Every structure is written in C-alpha cells, then in structure tokens.
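Just so it is clear, the structure is predicted and the values come from calculations on it, not from any experiment. Numbering starts at 1 and runs along the sequence shown.
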Amino acid sequence: MSSRPRSWRSALALVAAGALALSTATTVLPAASAPPPSKAKPDAGVLAAHLLNQPIAWEACDFGEDLNALFENIPGLACATVTVPRDWHNPRDGKTITLRISKTATATNPATREGIALVNPGGPGGSGLLWGPGMAFLAPELATEYDFYGFDPRGVGESTPLECDYAGDLETASYEDLALACRSNPLTPYINTEQTAYDMDFIRALMREPKLSYIGYSYGTWLGSWYQRVFPTHTHRFLLDSSTDVTRKSLQETWDLQPRSRDRQFQEAMLPYLGRNAATFGAPTSDPQELRRLWEQAGGTRDPLGQLITGFVLLPAMYYTGDYPIAAEMISLFIELGGSGGDEAQALAQLEKLVKKAAQNPALTADQKARLNKHLAAAKRGGLAEVYTYTGFEFEAIRCQDGPWKQSQGYWKAWLADLDKKAPFIAPLMEAPVCAQWPAVTEMPQKLSKKDAPKTLMIQTELDAATPYEAGVRSAQQVPNTSLISVDNEGSHAIYPYGTTCVDDAVEAYMLRGVQPAAFTTCQAKPLPLEDKTYEVAGSIGPKGTIKLKMRTEEVKKANAMLRDLLVTQSR
C-alpha cells in the first residue's frame with residue numbers, strides 16, 4: 001500500500017505545482033468486428049454500430065487550476081465528447097445526445113493490463129468526469145493495471161444537460177410544480193440508469209475493449225449492478241462501495257432508510273465523540289444522552305439555527321467522519337447559545353458568529369476551518385430552502401424514474417408521522433419526496449443466477465448515513481457471487497481507498513488478481529480525529545462476519561423517549 005491521501009474527498013482539493021499540458025488530437029479508431037445482435041447478450045456497440053466509428057477528438061481536460069495541477073503527471077490524461085443514441089430502445093431513430101468522457105493511460109504493461117475501468121461518484125446525477133484521473137491519483141496500485149475513465153452521465157455536467165424551464169412565477173412555484181415542468185422536457189424520460197448503463201457499454205465498445213471494470217460509490221453501486229445484469233458477459237471486476245439496496249426494483253427502499261440511519265449515527269457516534277472530547281470542544285458534559293437533551297432543549301432541528309447547522313455542517317460530517325471535529329464544535333456552540341430564538345435571517349447571522357468562534361479552536365485544522373467557511377457560504381446562498389429540497393432535477397429524474405415509488409399521499413403522510421416518532425433528530429428536515437408524484441419509466445432488472453452473475457466486491461460501513469448498512473448486507477446476501485467487506489465502527493460514506501491493509505489489500509487483490517475475500521469479512525475502523533484508538537459503537541460483529549445492528553438501537557430509543565418527554569413538558 002502507498003502513502004496516498006486517506007480521504008478521497010479531501011485529496012482532490014490538494015494543490016500541486018505546474019500546469020497540465022496535453023496536445024489536442026483527433027483519433028479515428030479502426031472498425032470493430034462485433035458479434036451479431038443477441039437478445040440474451042446485448043452489446044451497445046452492435047446496437048449503435050452506425051456510431052461506432054465516429055471520430056474522437058481528444059483534448060486537454062480542464063478541471064480548474066488546482067485540479068489541473070494535481071493531475072498534471074497522470075499519463076495520457078485527455079477528455080473528449082462522444083455521441084450516443086438518445087434512446088437505446090430505438091438507437092437508430094436519428095436522435096442523439098453527447099457524453100463528456102475523460103481517459104488515462106496508466107496501464108503501460110500489456111502483459112499485466114486489466115483493461116479500462118469506469119468510475120461513478122454517485123448522486124444520482126453526480127459529475128464523474130474528473131474521476132478518471134481522480135481514481136488514478138488516489139489508487140496508484142490499481143492504475144498500474146487499469147486505464148481509468150471518468151464520464152458525466154447523460155443529463156449531467158458537460159454531457160447533454162437536462163434543463164428544466166418553468167414558465168410561471170419561480171417565487172411562488174412549489175417543488176412539485178417545478179418537477180412537473182421538468183417532466184415535460186422531451187429528454188427527461190431518457191435520463192435514467194438503464195440508458196446510462198447502455199452508455200457505459202458503448203464507451204467500452206468505442207474503446208475496443210472486450211470487457212469493462214468499474215468502481216462505483218453510493219448511487220454508483222446501483223448503476224454498476226444494473227450494468228452487470230444487462231451486460232454480464234462484458235463485466236470484468238466491479239467494486240461497489242457504499243451500496244444501495246440492489247435487490248429492490250427501485251431506489252425507494254434506500255431513501256426510506258436514510259432518515260433513520262442519520263438519527264442512528266448522530267446518537268451512536270457523533271454525540272459520543274463529542275462526549276469523549278468534551279474538554280476540547282467546550283461541551284458541558286461527557287454523557288451523550290445528556291448532550292442530546294441539551295441539544296433538544298436548545299431547539300435542536302426544530303430551531304432554524306439547529307436546522308442550518310444540521311443541514312450544512314452535521315450531515316456533511318456524517319458523510320466524512322474526518323470532519324467530526326467541525327460537527328462537535330458546532331453542536332457545543334449551539335448548546336452554549338441555547339438556540340437562535342429567531343427567524344431564518346437571525347439564524348444565519350448567528351451561524352456566522354458561531355463559525356467565527358469555532359475558527360478560534362486550535363483543535364480544528366486549517367482544512368477543517370476552510371470547509372466550515374465553505375459550509376457557511378453555502379448556507380448564506382441557499383438558506384433553509386436548500387436544507388429541505390434538492391434542486392438538481394437530473395437527481396430526481398434518475399431516482400424517480402428508475403423504478404416504482406409509492407404514489408399514495410396517505411402513505412407518505414404516515415411515513416413522515418413515523419419519522420416524528422422514530423427519527424426525531426432529522427424528521428423536522430424531511431418532506432415527502434417528489435418521486436411520490438413522478439411515475440417510473442423502468443425498473444432494476446432481475447438478479448442473475450449464480451451461474452451467470454459476475455463476481456462482485458462490496459464495501460459497507462457500519463453507520464453509513466446515506467446508504468445504510470442494512471442495504472449492503474441485504475444486497476450481498478441475495479446477489480450471487482458477491483463478497484462484502486464491512487467496516488465496524490465507521491460512519492463515513494464511500495471510503496475506498498481507506499488507508500488500512502484490511503480494506504485496501506482486499507480490494508487490490510480482487511481488482512488486480514480477481515481474488516475475492518470471504519463472503520463476509522469485517523475490518524476495523526480507523527480512529528477518529530484527535531483520538532488514538534477506535535471506540536466500539538452501535539452493533540457487534542456476528543459469527544458470520546456481518547455486523548449485528550438495529551436501526552433503532554437502545555441509545556436511539558432512549559433519546560427518542562427523552563425528547564417525547566421534553567416536548568410534553570415544554571408544551572405545558
């Protein structure tokens with residue numbers, strides 16, 4: 001293992017000297033010999049053979065000054081725009097869109113080269129263009145045998161974008177109004193995972209590769225699993241990190257679990273961390289339950305300031321626990337202040353004061369303080385509206401159209417009421433998803449048999465708040481030929497490369513040599529910042545290598561009961 005940066009989120013913010021310099025070139029690839037079309041074994045290169053010999057104009061990528069400098073020494077880095085059918089169900093209708101892709105040429109030894117590997121960072125709707133060079137930079141061991149490719153999925157970034165225009169008054173429009181307007185865009189039905197999976201196979205065919213490898217994070221696990229089921233004979237090595245529940249027909253189950261998993265991480269990991277480091281962050285007690293009581297007594301997420309802190313500081317720290325010090329400092333300051341006691345404008349003013357005060361704590365690193373200031377800037381731009389809604393409609397189009405969601409408003413009313421009881425930390429920030437009014441256009445294909453299913457490696461952390469542990473375990477248990485690496489006592493989301501031999505060596509053995517670990521393996525988490533050991537939280541490791549874990553742990557139940565009593569007392 002190398003001494004690569006341990007956080008894949010923060011690593012791409014590093015700055016290296018110099019500038020990227022690649023010549024512009026146009027490549028016309030030789031005609032490919034493709035097998036005849038087969039319903040059982042689809043091939044995007046066959047379906048769109050008329051586009052297979054398109055000229056590809058490779059040129060210098062532009063990711064911004066800092067990233068250009070960071071990637072300057074990655075061999076073969078270049079970007080291009082390629083044309084694909086708008087509708088893979090009718091690929092010869094003459095209607096096309098474009099994809100922006102990036103490539104590297106790091107696998108220089110033909111004898112050991114494993115081929116190309118696409119990377120998707122999640123979302124849905126996340127831009128993946130920089131993840132060609134990004135993965136080569138973060139995982140140099142893999143880059144010796146893979147040429148990594150990044151791409152912006154259809155509807156996203158520099159690919160043909162999904163643009164949704166609303167003719168009415170934006171000031172008074174509801175989120176549902178805007179979603180309905182988006183559905184009227186003729187491109188919208190084709191912005192879904194099924195179409196993107198075919199795009200991926202077409203990239204493989206364009207590059208004249210017999211098979212495709214892949215690293216997918218978060219929603220990218222859903223995309224990767226979809227590809228495997230449609231193109232199993234084109235699948236080589238697939239790493240699915242922080243998995244959605246790929247056993248379901250739609251993404252609803254994954255999103256249904258999210259609010260509860262956020263309450264779980266808050267109570268089981270974030271507050272205990274603050275308690276263990278109470279003196280460092282000026283907390284009034286080391287008891288996590290008492291810290292929760294004081295948080296709620298100050299208003300918690302029922303208070304505008306508490307909502308801003310949660311949406312812009314605590315939730316990002318749940319995705320990357322390296323920022324737990326930021327979260328701990330802001331929770332402590334909120335408790336000390338006793339809430340905002342005002343409206344959104346007053347809460348934003350208070351948030352700015354708290355961020356300035358937090359910056360005085362020497363326990364926070366310069367990078368953490370910089371990220372905290374970025375969170376403040378985001379809060380000023382978006383305010384509470386951004387806490388409640390996500391305005392990227394490529395995100396909604398994909399997650400809503402990928403499979404059937406409950407369309408009954410009564411169901412979602414009951415769902416929200418249940419959150420008030422069982423996930424009261426995050427419940428005030430939740431609302432019914434727009435998918436409740438957005439019909440599906442496709443659904444996840446059925447899983448393959450053990451004989452046909454490709455070998456797959458999954459990684460799941462115990463307290464992941466975005467793709468809960470339960471989703472990964474269920475997927476690994478039900479999808480044939482899948483191995484799962486569980487990371488006990490970890491809450492970060494999308495972790496490879498993680499920085500421990502237990503996780504990274506197993507990934508490298510699989511990706512480089514095809515060696516799968518045991519069906520279920522558990523690795524230990526790294527210590528959190530400012531701590532020199534890993535603390536046991538939440539569940540325990542079972543005899544079969546999975547973590548025995550409840551969504552509502554005993555600590556969560558105690559906190560929920562405390563809050564109910566507190567609200568009753570305050571209402572008198």
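- The two residues Phe520 and Thr546 come nearest to each other via the heavy atoms CD2-CG2, 3.4 Å.
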Just do the side chain to side chain contact (heavy atoms under 4.5 Å, CB included) check on Thr521 and Leu484 with the steps written out, would you? CA-CA 6 Å; Thr521 303; Leu484 175 69; over 6 Å; no
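- Taking 4.5 Å as the limit, some side-chain heavy atom of Phe148 sits within range of a side-chain heavy atom of Val119.
- Residues Gln516 and Thr456 share a closest heavy-atom pair of NE2-O, 2.9 Å.
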Salt bridge (Lys or Arg N to Asp or Glu O under 4.0 Å) for Arg260 and Glu470? Distances and angles first, verdict last. CA-CA 11 Å; Arg260 294 162 174 81; Glu470 289 83 349; over 6 Å; no
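- Side-chain contact between Thr221 and Met458 is absent, with no heavy-atom pair separated by less than 4.5 Å.
- The aromatic rings of Trp131 and Tyr217 are tilted relative to each other, their planes meeting at an angle between 30° and 60°.
- In terms of heavy atoms, Pro153 sits closest to Thr196 at CB-CG2, 4.2 Å.
- When ring centroids are compared, Trp226 and Tyr219 stay outside the 6.0 Å threshold.
- Side chains of Ser243 and Val473 form no contact here, defined as non-hydrogen atoms less than 4.5 Å apart.
- Taking both residues in full, the closest heavy atoms of Asp464 and Gln265 are given as C-NE2, 4.4 Å, listed atom of the first, atom of the second, then distance.
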Quick one: do Asp245 and Arg474 satisfy salt bridge (Lys or Arg N to Asp or Glu O under 4.0 Å)? Show the steps, please. CA-CA 7 Å; Asp245 190 341; Arg474 178 182 170 88; 3.3 Å; yes
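- The ring pair (Phe, Tyr, Trp, His ring centres under 6.0 Å) check on Phe202 picks up Trp88, with sequence neighbours excluded.
- A heavy-atom distance below 4.5 Å is not found between the side chains of Ile485 and Tyr496.
- Between the side chain of Thr160 and the backbone N or O of Gly155, no donor-acceptor pair lies under 3.5 Å.
- Side-chain contact between Thr442 and Gln401: absent, with no pair of heavy atoms (C-beta onward) separated by less than 4.5 Å.
- A cation-pi arrangement is found for Lys406 relative to Tyr411, the charged atom lying closer than 6.0 Å to the ring centre and inside a 45° cone about the ring normal.
- In plain terms, the two heavy atoms of Leu52 and Gly45 that are nearest each other are CD2-O, 3.8 Å.
- Taking the six-membered ring wherever Trp is involved, the centroid distance between the rings of Tyr227 and Tyr198 does not fall below 6.0 Å.
- Between the CZ atom of Arg229 and the OG1 atom of Thr235 there is a distance of 11.5 Å, given to the nearest 0.5 Å.
- Closest of all the heavy-atom pairs between Gln407 and Pro439 is OE1-N, 4.4 Å.
- By the side-chain hydrogen bond (donor to acceptor under 3.5 Å, both in side chains) test, Ser250 is found to be paired with no residue, residues two or more places apart in sequence or in another chain being considered.
- Between the side chains of Glu194 and His89, at least one donor N or O lies within less than 3.5 Å of an accepting N or O.
- Side-chain contact between Ile116 and Leu212 is present, with at least one heavy-atom pair separated by less than 4.5 Å.
- Of the candidates Leu240, Asp452, Val246, Val479, Leu240 is the only one forming a side-chain contact (heavy atoms from CB on, under 4.5 Å) with Gln228.
- For the pair Leu239 and Val507, the minimum side-chain heavy-atom distance is below 4.5 Å.
- Of the N and O atoms on the side chains of Asn185 and Glu163, not one donor lies less than 3.5 Å from an acceptor on the other residue.
- Two residues are said to be in side-chain contact when any heavy atoms from C-beta on lie closer than 4.5 Å; Leu206 and Gln54 meet this criterion.
- For Phe312 and His375, the gap between ring centers reaches or exceeds 6.0 Å.
- Ring planes of Phe71 and Phe63: perpendicular class, angle over 60° (limits at 30 and 60°).
- For Gln437, there are no side-chain hydrogen bond (donor to acceptor under 3.5 Å, both in side chains) partners at least two apart in sequence or on another chain.
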